[in-house]
There are 2 protein chains.
Amino acid sequence: MSQLRYPGLMATDRDSVLEAAVGILSRRPTAHLDEIARAAGISRATLHRIFPGREALILEVGALGLRRFSAALDTARVEEGNAEAALRRLVDAVVPDAALCAFLAGENQLYDHEEINDLWELQDARVRALFLRGQQEGVFRIELSAAWLSEAFFDLVAGIGCAVQEGRLAPRESAFSLAELFLGGALRRSDTP
Amino acid sequence: MSQLRYPGLMATDRDSVLEAAVGILSRRPTAHLDEIARAAGISRATLHRIFPGREALILEVGALGLRRFSAALDTARVEEGNAEAALRRLVDAVVPDAALCAFLAGENQLYDHEEINDLWELQDARVRALFLRGQQEGVFRIELSAAWLSEAFFDLVAGIGCAVQEGRLAPRESAFSLAELFLGGALRRSDTP
DNA sequence: CGCAGCTGAGACATTCATGTCTCAAAATTT
DNA sequence: AAATTTTGAGACATGAATGTCTCAGCTGCG
């Protein structure tokens, strides 16, 4: 009926609700719908009008997260140029959506849905390809598998998302902290002892 | 009544149930008690006889995780010797309990309990102190805060725990992958170009 | 100003996991 | 072997979150 009357407005409405949901769900995946509705500034009834139920909401948050991650990969043009530079661009592009990634990492239940699973596999393959390319170019270490690099990268992005949301890490520091630790490691380079 | 008749046997029984619970809960924190009981090879009734309820079980798993983490810090003697060597020892000591750490990382609800919270803060302080010491010794990079290094380290340990449990990472590779990535980063050292 | 549609508050039913209980079978002790 | 204890299977109650509905108030539009 009315869902299609103002497609543009409705879309932003849905998205703003999803944003609010992420803010809650990335910290407490089992939060009640009441809480999510309140965070979105709407009533539980309206939340139900927008999303048929909890599962649908979770699913859409997951889909949003994957769309954003995919968009970040596009924005960063991870398939182009020097692999290290591409990864640094990816860090900058993905950090604003780190909370969404934290949600994706924590919601293992999502991976029951084939649709979500396929989409995730697609994005992960792009990240793995980036590392593989970097290894072939001699930029990334070959002792660590591309699959592990990809997994660890995502773990750290999710960690950043959590830490920022819970105030343990300043948002302005997050991209730097992620890029430097992941690329350079914790050890001080002792090229000049 | 009977809980105290065979303290030794009862203790191992409790621990074996807790181990089984970790195996399930680290992957699906919302798993039903049925599932946990089956994984432990006992009935739901007996599970209830050992642990008064779900919350008590979760709490004990959390406490076990923190005890193990604390024991790993002891085993690794993180306060002694070269900071890098100490961290490498910590990696080896903590990797066997990585699944437990994954559970701790995912169960934010645990941190409502002051008891658990204090215990965690204690362990985290030890890790932070290790990084701080390493920074003062010139071993670890000073551009990254000790708090972030500590957080990221734990994120990667938890990630290892998940990846191993879900078969994405071979257990034998896990310690190496963790230590090398965290300490050395993803970039190939080009000291000899 | 009046109308149509959307929203929020609340009541209500439903579902599902949990918590509790009983009893028979199995295990262990004496 | 008898007795005591423990266990497992199931029935049942409870409680909490979800899903559904109604209705009054508000908003926006003609």
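Protein chains get the first letters and strands the later ones, always in sequence-line order, with residue 1 at the start of each. Just the heavy atoms: all of them, side chains too, but no hydrogens, waters or symmetry mates, feed the values below.
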Gap between atoms [atom1] and [atom2], on [X] and [N] respectively (whole Å):
X: F51(A); N: dG19(D); atom1: CZ; atom2: P; result: 13 Å
X: I42(B); N: dA26(C); atom1: CD1; atom2: C1'; result: 16 Å
X: R54(A); N: dA16(D); atom1: CZ; atom2: P; result: 17 Å
X: R38(A); N: dA9(C); atom1: CZ; atom2: P; result: 11 Å
X: H48(A); N: dT22(D); atom1: NE2; atom2: P; result: 16 Å
X: E55(B); N: dG19(C); atom1: CD; atom2: C1'; result: 13 Å
X: D13(A); N: dG8(C); atom1: CG; atom2: C1'; result: 14 Å

Holding to side chain to side chain donor-acceptor pair (under 3.5 Å), I want the full list of residues that pass it with R133(A), two or more places apart in sequence or in another chain. E137(A)

Please list, chain by chain and in numerical order, all residues satisfying side chain to side chain contact (heavy atoms under 4.5 Å, CB included) with A85(A), sequence neighbours excluded. N82(A), R89(A)

Results of side chain to side chain contact (heavy atoms under 4.5 Å, CB included) for T75(B) - residues two or more places apart only: A93(B)

Contacts satisfying side chain to side chain donor-acceptor pair (under 3.5 Å) that involve residues 90-108 of chain B (not counting sequence neighbours) are R68(B)-D97(B)

Could you list all N or O pairs between the protein and nucleotides 9-13 of chain D that sit under 3.5 Å apart?
none

Taking atom CD of E151(A) and atom CG of L156(A), what is their separation to the nearest 0.5 Å? 11.0 Å

Suppose we screen for salt bridge (Lys or Arg N to Asp or Glu O under 4.0 Å). Which residues come up paired with R44(A), at least two apart in sequence or across chains? D34(A)

Which residues share a salt bridge (Lys or Arg N to Asp or Glu O under 4.0 Å) with E166(A), sequence neighbours left out: R168(A)

For DNA chain C, consecutive-pair runs of 3 or more (Watson-Crick or G-U wobble, both H-bond-type distances under 3.5 Å) give C:1-30 with D:1-30

Please examine the side chains of Q123(A) and V127(A), heavy atoms only from C-beta on, and report whether any two atoms are closer than 4.5 Å. no

A side-chain contact here means heavy atoms from C-beta on lying under 4.5 Å apart; do L18(A) and L57(A) qualify? yes

Check the interface with nucleotides 24-27 of chain D: list each N/O to N/O pair with the protein under 3.5 Å, or write none.
none

Check the hydrophobic clustering (I, L, V, M, F, W, Y; side-chain heavy atoms under 4.5 Å; chains of links allowed) and say if I142(B) and V139(B) are grouped together. no

Positions of residues 23-36 of chain A (non-hydrogen atom under 4.0 Å from DNA chain C), listed by number: none

Using modelled atom types only, decide if a donor and an acceptor are shared between the side chain of R14(B) and the backbone of E60(B) within a distance under 3.5 Å. no

Sorted by first residue and then second, give each ring pair (Phe, Tyr, Trp, His ring centres under 6.0 Å) pair with at least one member in residues 138-181 of chain A; sequence neighbours left out. F69(A)-F154(A), W120(A)-F154(A), F131(A)-F140(A), F153(A)-F182(A)

Mind jotting down which residue pairs meet the ring pair (Phe, Tyr, Trp, His ring centres under 6.0 Å) criterion with at least one end in residues 74-103 of chain A? Sequence neighbours excluded, please. none

